[in-house]
Amino acid sequence: MKELSKAYSPGENETTIYEKWEESGYFNPDNLNLPEDAKPYTIVLPPPNITDKLHLGHSSMLAIEDLLIRYHRMNGYRALWLPGTDHAAIATQNVVEKKLLKEEKKTRHDLGREKFLEKVWEFLDETQATILKQTRRMGASLDWSREAFTFDEQRQKAVATMFTDMYKEGVIYQGERIVNWCPRCHSTLADDEVEHQDQKTMFYTFRYWKDFPISISTTRPETKIGDTAVAVNPKDERYKKFIGQEFEGEFCGVPLKIKVIGDREVDMDFGTGALGVTPAHSMVDWKMAENNDLEIKKVIDEDGKIHDGFGEFSGLTAKEAGKLVVKKLKASDLLEKEEEIDNALSTCYRCDTAIEPLPSKQWFVSVDKKLERLGGKSLKEKAIEVAKNKEVSFIPNRFKKQYIDWMENLHDWCISRQIWFGHRIPVWYKNDEIYVGTEAPKNKYTKAILLHAWDSDPEAAFFPWLKQQLENAGLKVIVPKLPNAKNPDYEEWLSAFRKLDADENTLIIGRSLGSTLALAAAQEGIKIGKLVAVCTPLDNKSIPDFFTAIGEWKFDKIKQNIQEITIFHSSNDPYIPKSTSEKLSQELNAPLVEIKNADHFTGIQYQEILEACGIWAQDPDVLDTWFSSGMWTFSTLGWPDNFKDGKKIGDLAEFHPTQVLETGYEILTLWVSRMIMMSLFAVGEIPFEDVYLHGMVLDENGKKMSKSKGNGIDPIDVIEEFGTDAVRLSLLIGNTPGNNLRVGEEKIAGMRNLVNKLWNISRYIETTYQISEVEKSDLDTLPDDENLTLADRWILTKFNELTLKVTQDIQGYRFSEAGEKLKEFTWNDLADWYLEISKTENNSEEKTAILQFVLGNLLKLWHPFIPFVTEKLWQELFTSDFLMISSWPKIDSDKQTGETLKNFSLLQNVITAIRNIRTQYKIAPKQKIEVVIYAHDKLSFLEKQTELISNLKTGIDKITMQESGDKISRAHYEIIDEMEIYVPLQDIIDIPTELKRLEEEIKSTENFIADISKKLDNKSFVENAPEAVVNKEKEKLTTQENKLKNLKKYFENIS
RNA sequence: GGACAAUUAGCUCAGUUGGUUAGAGCGCUCGCUCGACAUGCGAGAGGUCACAGGUUCAAAUCCUGUAUUGUCCACCA
């Protein structure tokens, strides 16, 4: 006999059980020893962002998906649940930036791209490890051997391939658009990353200048210096006549040329009914400018400051400029009205900074381009079509409409992001040329030498960035430290240079004296492929010996030995006069490029130097994170390697498309729609059959759990307190698709109690029947029907019914209902009734068989919900083979159920009624009572059950059954079904109270009878309702009438 | 402004296609150490299913409108 502890302690078991599962290898479907034709069942885990550890919402997702996977694994499917994490480009970069600022008071620009990315990876390793640990703690049966990361090598390849393919088909294109620009994050935001905050704003009405015929209104006066048109509604009588006219004048010191255009979008009733058009800084205006061929004037730059060329406004922040405009308007008496209005401010979803709409070059995915591979349809059309044709279904169904609505309004998707962390755009530029591909294009040069200035550190200035770029482009890069840099000697430097073995395939970028050295070397006869000379001195008074040693410049010789030269000049360089650079340019017949702010090279100026090198330079931007997560279903299954000549092979063939995508409804549009489009494009398949959308997990007060509010429940905390099974169960029961779920510790504690109940049920069965020592049946066949008591047949019937319902519920995604039914069976039917009865019935051989069957199969049904405790009990009491891979209980569809269920429920009612009488009349628990039951057709059945009735907490010492006859005059009574139950204890009865109570019951029974009679008198009811319904009503009527008769008789007797 | 959802017991929610006198858990009341379980056992109280109309023999369930709450989308210069 196995000794089980009095209470279940989850902590001890969970880690060891999870380890056993993992070691078994059964999380990987390849190890399941399935027949060839076993169907696949695939779920890819929505990859959690690596920005933070998991919260209860993730736990809920894991619980649901693990349930589905475990259920299907037990049903013989090739069940694959594929784990991974998401690099979440912007979100991650932001978290790291904030952390950096807080801990080191540095911005990412202080660190530079490389160093910053190192920080990101450090952070990422940490959170990723936490996430994986938490996921295991939840008991998730994920196939860790296939773990993926949206930013690992395989996925990088997939992303680059996808981009290239889409570019080749013209789906991806580069275009200038107004984008939502966050001046703080220095990045564009997708439409769905912009938040709108209601606020009060000053609304100014004014004219550009005195004789301008139309007043306009604005909340953003600072942009008005870039206006090129005024738009009015073409139907507007007031302004109609001006349409087409052009006006010139000066607005706040800025010359403007304003054309009046007509546009139906303009609301005649808002403001003055006329709208100043600023094409560069408003989405709507941009469209108008496109339609009317207007000039586009950029007013605000990427830092949120006013561009050059706007007089005294230039260099001011937008806010300052706005104030100045208003001040000037007031001074020149142009302001007509100033009022406060409600207005929605667009802000960055990450940092709450007001966004600035700016025109910018970006990469887009076209959703409207018709594609041959989609049968002449566009991504958008196809993605809508599959939803309409039910090729993909949504649970709950209402989200289908939301999906289609959103899709129909979808515009081209901007996929480039101006941040550092993320998939680099696989595009390379060389001057005007562009190359798109999965690998960097081959370059003319094989080696690059970066020569530092005479007194500077080779690692300083712009070298590290360039080095990285050149290495990315496949060059061997050398950054030598030239000897004695503080006091350079020409011979020493030259001999150091010779050792670098420069030749025709070498690219040299030299800064200051470094570039002078390269020129001198060429003069000495060394061949060089290309020289980019940045701020090059031809003489310097502080190191006269150096230049004396070089001697007279022989530019012809230099030209002979260097194939190509570009000269860079910095206007801020205090040492090299522009004339020097110009002279060099002329003598060498080389192009001269001038750069501003040489001491603060920005990415763009690096870009210029890189371009001058004549090598391919990669686009500095990265891709929107949804681009890579949109490929999640197939990139994780080995695309593109597993997709050859339009055919799927390997994992992709075996597991794609997946069966279910289970995710939060909040990312239906962000993610689900993109997955559908990208999968259609890449593989020509809808990535999943069903989309199950869960709600958010809220705290017990209905608030969204968030770290800042401090109301979040850490899954690990509650797991440690109550156990994983309890946490999983509280996330499954009461959780319905698409609806939010409130979870508090009370609920989890309740579920812990249930888990413990199951444990104790098992413990009782084991201590009483020693099922661990009994030879095991296969749990597929029921015990023989002979010698079974009513209760035995009842529990088997109930269990069969339960198996059927639970199976149906899981298949219909009704996990909550399945869980509740299991709970009800376990607690009420099995523990409260059957086990209690088993204590009084003596057929222990049958009981052993039945309990073994019921408990074993019950553990199976419970397993997808609470895997740990069930696995533990299974291994203790049944077999050391894993419950995880045991087969799902069989359903006996021929089982006769009616009579058994009816009889048992009768029995339950009798027992409950007797207990009720005891409580109602406050009969002391220890006092034995006599019971008399009057019955009619049920009499013979009840007579057989007297022993049972007496033994089940009814405290009966004498029980008699008889046909209806004269009733005991004074007794406690209860009337149920067609029976009357009397407990003759007249001494205690308080007659007046009893009469009052009886009166009430008689009255309510009469009312009820009246209701039923009315219904039955209604001809249309009798004619139209189904016969079964009518019969039920009739039955009800007789029962109630009998009851009334007996009540009245009893009433007379005692009064 | 548009769309979608929610409104059922004190609280949190179920209630599949209209068909018993509307269910569960928690909480509450009363009573219990009864051969596993006080993380337990037994009994109970508690609801005009937001409101107003309509369809139907029959409505928590279907339709219309109103109110309140929530979510998403759009956005006006």
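Every chain is numbered from 1, with letters handed out A, B, ... down the list of sequences.
Contacts of A:Thr278 with the nucleic acid, taken as non-hydrogen atoms under 4.0 Å apart, are absent. In this structure, A:Gln808 reaches neither bases nor backbone, as no heavy-atom distance under 4.0 Å exists between it and the strands shown. Heavy atoms of A:Thr736 sit under 4.0 angstrom from primed sugar atoms or phosphate atoms, though from no base atom. Within the 4.0 angstrom heavy-atom criterion, no nucleotide atom of any strand lies near A:Lys1032.
Residues passing the side-chain contact (heavy atoms from CB on, under 4.5 Å) test with A:Pro10, sequence neighbours excluded: A:Tyr8, A:Glu14. For A:Tyr692, there are no side-chain hydrogen bond (donor to acceptor under 3.5 Å, both in side chains) partners, not counting sequence neighbours. Scanning for side-chain hydrogen bond (donor to acceptor under 3.5 Å, both in side chains) contacts around A:Thr1005 gives an empty result, with sequence neighbours left out. Every residue was checked against the side-chain hydrogen bond (donor to acceptor under 3.5 Å, both in side chains) condition with A:Glu820, not counting sequence neighbours, and none meets it.
The distance from atom CZ of A:Phe206 to atom OG of A:Ser215, rounded to the nearest 0.5 Å, is 9.5 Å.
Residue A:Arg752 places its side chain closer to B:U39 than to any other of B:C37, B:U39, B:A43.
Counting only residues at least two apart or on different chains, the side-chain hydrogen bond (donor to acceptor under 3.5 Å, both in side chains) pairs with a member in residues 751-760 of chain A are A:Asn760-A:Arg763. Within the structure, the ring-ring contact (aromatic ring centres under 6.0 Å, His included) test picks out no pair touching residues 722-741 of chain A (sequence neighbours left out).
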Summarise how protein sits on nucleotides 2-9 of chain B as a single string, 5' to 3': B when a protein heavy atom is under 4.0 Å from the base, S for sugar-phosphate-only contact, - for no contact. -SSS----
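Contact check for A:Leu1047 versus A:Glu1001: side-chain heavy atoms found under the 4.5 Å cut-off.
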Produce the list of close N/O pairs, under 3.5 Å, pairing protein atoms with atoms of nucleotides 55-60 of chain B; give distances to one decimal.
residue : atom : partner   : partner atom : Å
B:C57   : O2'  : A:Asn1018 : ND2          : 3.1

Protein and nucleotides 22-32 of chain B: nitrogen or oxygen contacts under 3.5 angstrom:
residue : atom : partner  : partner atom : Å
B:C26   : O2'  : A:Glu746 : OE1          : 3.1

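Phosphate proximity of B:U21 to A:Lys1043: absent, as no side-chain N or O sits under 4.0 Å from OP1 or OP2. When the side-chain nitrogen and oxygen atoms of A:Arg915 are compared with OP1 and OP2 of B:A43, one or more of them lie within a distance under 4.0 Å.
Rounded to a whole Å, the CG atom of A:Leu1016 is 13 Å from the C1' atom of B:G19.
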Tabulate below the donor-acceptor pairs under 3.5 Å that side-chain atoms of residues 726-740 of chain A make, not counting sequence neighbours, or state none.
residue  : atom : partner  : partner atom : Å
A:Arg728 : NE   : A:Phe865 : O            : 3.1
A:Arg728 : NH1  : A:Asp66  : OD2          : 2.7
A:Arg728 : NH1  : A:Met138 : O            : 2.9
A:Arg728 : NH2  : A:Asp66  : OD2          : 2.9
A:Arg728 : NH2  : A:Pro864 : O            : 2.9
A:Ser730 : OG   : A:Ala726 : O            : 2.9
A:Ser730 : OG   : A:Val727 : O            : 3.0
A:Asn735 : ND2  : A:Leu731 : O            : 2.9
A:Thr736 : OG1  : A:Asn739 : ND2          : 3.0
A:Asn739 : OD1  : A:Arg398 : NH2          : 3.4
A:Asn740 : OD1  : A:Tyr665 : OH           : 3.2
A:Asn740 : OD1  : A:Met696 : N            : 2.9

Using distance only, find each side-chain donor-acceptor pair of residues 1018-1031 of chain A under 3.5 Å and give its atom names and separation, not counting sequence neighbours.
residue   : atom : partner   : partner atom : Å
A:Asn1018 : OD1  : A:Ser1020 : N            : 3.0
A:Asn1018 : OD1  : A:Ser1020 : OG           : 3.0
A:Asn1024 : ND2  : A:Ser1020 : O            : 3.0

How does RNA chain B look in dot-bracket form if you count Watson-Crick and G-U pairs under 3.5 Å, write [ ] for pairs that cross, and put | where a base pairs with another strand? (((((((..((((.....[...)))).(((((.......))))).....(((((..]....))))))))))))....
